[in-house]
Visitor: 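Provided herewith is a single structure, encoded as structure tokens, for subsequent inquiry.
Heavy atoms only: backbone and side chains are in, while hydrogens, waters and symmetry mates are out.
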Amino acid sequence: MKLSKVDLSSLVAIAHSDGYLQLLLDQSDELEFLKIPAPIQAYEGLRELNEVIAETTALPFEEEPIIMLPVISSMAMAVGYDRGEHILQVEFQSGAVYQYLGVDLTFHGMWKRGLVRDSSSRTNPLDLR
């Protein structure tokens, strides 16, 4: 048996689908995704190897920022809404930012009712007076 030295330090994540081993590699300035034909056993072997040599760490979760629109208000500077999470975010004149969870509201609906003049532009603020 011949042993080969292996450096897996740039390997970020692995998966297996439709006969392909899928690898996510950290190339310093970008992530590279590779698909290599391989049986499911290759994937299972790499998972076992990971359990033996390293503590499993979760991939970092980067939350998408809520797009904020300027408003005309004595208290608020800007508002934003996350449709997927139903979060209304308000940035106040004081600099404080509040998130209100479970808000059943969409900017599209506000636009249809004429409350937002131009939701694609930061130059036309929402009038909350």
Visitor: Output all residues satisfying side chain to side chain contact (heavy atoms under 4.5 Å, CB included) with Ile87, sequence neighbours left out; order by chain, then residue number.
Guide: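 Only Ile66, Asp82, Glu85, Gln99, Leu101 meet the side chain to side chain contact (heavy atoms under 4.5 Å, CB included) criterion with Ile87.
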Visitor: Return the set of residues passing side-chain hydrogen bond (donor to acceptor under 3.5 Å, both in side chains) with Ser17 (not counting sequence neighbours), or none when no residue passes.
Guide: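 With neighbours one apart ignored, the set is empty.
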Visitor: Report the residues that fulfil side chain to side chain contact (heavy atoms under 4.5 Å, CB included) with Ile40, sequence neighbours left out, ordered by chain and then residue number.
Guide: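 Listed in chain order: His16, Tyr43, Glu44.
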Visitor: Do Gln22 and Phe33 come within less than 4.5 Å of each other through their side chains, counting heavy atoms only?
Guide: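 Yes; the side chains approach each other to less than 4.5 Å.
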Visitor: Could I get the full list of side-chain hydrogen bond (donor to acceptor under 3.5 Å, both in side chains) partners for Gln27, not counting sequence neighbours?
Guide: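 Scan of Gln27 (side-chain hydrogen bond (donor to acceptor under 3.5 Å, both in side chains), adjacent residues dropped) gives Glu32.
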Visitor: Once you round to the nearest 0.5 Å, how far does CG of Leu34 lie from CG of Leu11?
Guide: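 One finds 9.5 Å between CG of Leu34 and CG of Leu11.
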Visitor: Return the set of residues passing side-chain hydrogen bond (donor to acceptor under 3.5 Å, both in side chains) with Asp7 (not counting sequence neighbours), or none when no residue passes.
Guide: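 Testing Asp7 for side-chain hydrogen bond (donor to acceptor under 3.5 Å, both in side chains), a comparison that skips the adjacent residues, returns Ser9.
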Visitor: With the 4.5 Å side-chain cut-off for hydrophobic clustering, are Val71 and Tyr81 part of the same group?
Guide: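 Looking at the clustering, Tyr81 is in the same group as Val71.
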Visitor: What I'd like to find out is whether the side chain of Gln93 reaches to under 4.5 Å of the side chain of Met75, using heavy atoms alone.
Guide: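 The answer is no; the side chains never approach within 4.5 Å.
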Visitor: Taking C-beta and beyond as the side chain, do Glu91 and Val79 meet within less than 4.5 Å on heavy atoms?
Guide: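 The answer is no, as the side chains (C-beta and beyond) never meet within the 4.5 Å cut-off.
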Visitor: List in chain and number order the residues that pass side chain to side chain contact (heavy atoms under 4.5 Å, CB included) with Tyr100, two or more places apart in sequence or in another chain; answer none if no residue qualifies.
Guide: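 With sequence neighbours excluded, Tyr100 shows a side chain to side chain contact (heavy atoms under 4.5 Å, CB included) to Leu88, Val90, Phe92, Tyr98, Val103, given in chain and number order.
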Visitor: Rounded at 0.5 Å granularity, tell me how far CG in Asn50 sits from CG in Leu8.
Guide: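 With rounding to 0.5 Å, CG (Asn50) is 9.5 Å from CG (Leu8).
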Visitor: Is there side-chain contact between Leu25 and Leu31, with at least one heavy-atom pair below 4.5 Å?
Guide: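 Sidechains of Leu31 and Leu25: no contact.
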